[in-house]
Amino acid sequence: MAAAVNVDGCNKMIEFRSVNKWYGDFHVLKDIDLDIEAGQRVVICGPSGSGKSTLIRCINRLEEHQQGEILVEGEVLGDNPVANALIRRKVGMVFQQFNLFPHLTALDNCTLGPIKALGMSRAEAQERARAQLERVKIPEQADKFPQALSGGQQQRVAIARSLCMEPDVMLFDEPTSALDPEMIAEVLDTMIELADSGMTMICVTHEMGFAKTVADTIMFMDEGRIVEAAAPEKFFNSPDSARTRKFLDQILIH
Amino acid sequence: MIDRGAQFELTRNRPWWRGTTFDIVSFILGCVFLAWIVYRGAASMGYNWQWYRVPQYIYKVVDGEFIWGALMRGLMVTLEIALYSAVLMIVIGLVTTLLRLSRSFSGNLLATIYLEIIRNTPLLVQMFVFYFVIGPIFGIDRFWVAVLGLAFFEGAFAAEIIRAGILSVPKGQWEAANATGLGPVAIYRRVVLPQAIPLMLPPMTGLLVNLIKNSAIVSVIAVFDLTTEGRNIIADTYMSFEIWFTVALIYLSITIPLSLFVGMLERRVQQRS
């Protein structure tokens with residue numbers, strides 16, 4: 001953890017300043033304060049409905065917050081669609097349901113962003129896409145359509161698609177929750193490799209083994225609040241809050 | 001899937017009046033009966049059938065030269081109007097949909113007013129408004145008045161089809177496209193429309209059939225389409241039975257292939273999903 005570097009915020013990747021969000025009357029995010037620095041790997045866990053997905057979806061403004069400020073690389077998120085598109089190019093996102101474009105091949109899924117958002121030439125974009133598909137270990141699937149791929153392969157294409165934008169930070173929203181058990185490992189391996197390469201990552205996941213190996217901070221959320229944020233060792237062995245302990249007991253027993 | 005045996009059982013246990021043979025026989029008998037009624041009715045009116053005079057209105061050969069008859073020239077005008085209106089209808093439908101899906105209050109209001117007016121007034125009245133009000137104000141000739149009138153009418157229905165198609169694209173696709181940093185134009189062109197258009201095609205082709213049928217209304221503003229030509233011929237010859245049957249057949253020869261095509265498209269969409 002680079003906590004010491006964080007003196008005047010020059011190294012901050014993402015900041016939440018007392019962020020509040022409501023869905024109608026339902027208060028999903030309550031006074032969230034958060035600093036994430038470049039290179040940090042954060043795992044967010046918590047019971048369903050605790051606001052963890054909403055929190056990371058606010059970072060690239062797929063969800064709007066109503067109060068407080070969110071800064072991505074020093075830029076305040078607002079209502080300007082052009083500014084938001086620029087920020088989204090620096091923030092990659094991987095979804096639970098993969099959300100690959102079904103009418104495009106794996107390769108075209110990866111080149112769409114670089115060509116249309118970054119203005120890259122087709123040849124250049126394809127070269128980059130092939131390199132990223134190589135990195136997630138499915139170069140041979142480049143010309144297949146998503147429905148011809150297994151869930152694990154689809155999710156790895158989705159990761160490659162995000163990486164093709166060369167983002168500064170990657171968001172993972174329960175990336176393995178929709179996968180069959182035997183495919184979870186291949187996606188987690190890809191994510192571990194990514195973490196080793198120094199990528200800033202924020203993962204919502206229940207894979208505690210992954211959290212132990214990869215995360216430098218684990219956050220526990222409940223009822224819209226960050227209840228606990230600690231290094232893995234402390235988080236698993238001596239969490240401060242009783243709520244966290246209870247949650248860990250429930251998920252680690254089985 | 002019903003297996004062969006069960007299917008056989010179903011066929012065998014059907015009473016005779018539910019069988020295919022009886023179906024076909026009764027259909028033919030029904031048709032013969034209808035034809036007989038028309039024939040008897042015409043005979044009792046003293047109607048003088050003159051089918052031999054009809055072909056000249058379809059085509060003529062004068063001095064070895066082939067000339068299209070009045071009905072065919074009318075059909076060409078009908079198809080021309082339908083073609084221009086169809087293009088304009090799609091543009092109007094698309095713009096209306098974008099206005100409705102946008103967050104702009106005035107855009108929403110404009111689209112809603114347009115849709116409600118078009119859907120809740122008769123096409124005939126709309127055509128007259130275009131002909132007597134909008135045409136003179138902007139100096140538009142009657143052919144383009146006809147095109148505009150039809151396009152604005154069918155555009156309201158096109159908007160509904162386009163909206164349904166766009167909304168059928170899963171939310172995750174929008175999110176993935178947005179998360180990739182694509183702009184709105186690229187999102188629509190590269191992600192949403194390629195998935196929505198296959199779903200829109202069958203109802204859109206159905207709308208085209210509607211457009212061709214509804215184009216008959218332009219005869220009220222004296223555009224020389226198929227229906228107007230038919231009316232003029234009848235005014236000259238009094239052959240109302242033969243000419244209206246012929247006109248209907250010509251419309252059918254255009255719309256039935258299109259309708260069959262719709263059925264084909266629908267089956268393809270069903271297979272894909």
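None of these values were measured; they are calculated from a predicted model.
No more than 12 heavy atoms of other residues, nucleotides or ligands lie within 6.0 Å of CZ in B/Phe261, so this atom counts as exposed by the packing criterion. Within 6.0 Å of CD in A/Glu127 there are 12 or fewer heavy atoms belonging to other residues, nucleotides or ligands. The neighbour count for A/Arg122 CZ, taken as heavy atoms of other residues, nucleotides or ligands under 6.0 Å away, does not exceed 12.
Considering every non-hydrogen atom in both A/Ala117 and B/Gly181, the closest pair reads CB-O, 3.5 Å. Here the closest non-hydrogen pair linking B/Ala179 and A/Phe95 is CB-CZ, 4.0 Å.
Annotation: side-chain hydrogen bond (donor to acceptor under 3.5 Å, both in side chains) contacts involving residues 93-103 of chain A, sequence neighbours excluded, are absent.
Heavy atoms closer than 4.5 Å to chain B are found in both the backbone and the side chain of A/Phe101. With a threshold of 4.5 angstrom between heavy atoms, B/Ala186 approaches chain A through side-chain atoms but not through N, CA, C or O. For a residue to count as touching a neighbouring chain, one of its non-hydrogen atoms must lie under 4.5 Å from one of that chain's; by this rule A/Leu100 touches chain B with the backbone only. Only the side chain of A/Leu62 comes within contact range of chain B, with heavy atoms under 4.5 Å apart.
Heavy-atom pairs under 4.5 Å with chain B peak, among A/Arg61, A/Met93, A/Arg57, at A/Arg57.
Rounding to the nearest 0.5 Å gives a distance of 10.5 Å between OG1 of B/Thr180 and CZ of A/Arg89.
Residues B/Val191 and A/Leu112 have side chains in contact (heavy-atom distance under 4.5 Å, counting atoms from C-beta outward).
For residues 147-169 of chain A, heavy-atom neighbours of chain B at less than 4.5 Å comprise A/Arg161, A/Met165, sorted by residue number.
Ion pairing between a basic and an acidic side chain is recognised when a charged N comes within 4.0 Å of a carboxylate O; A/Arg88 and B/Glu175 show no such pairing.
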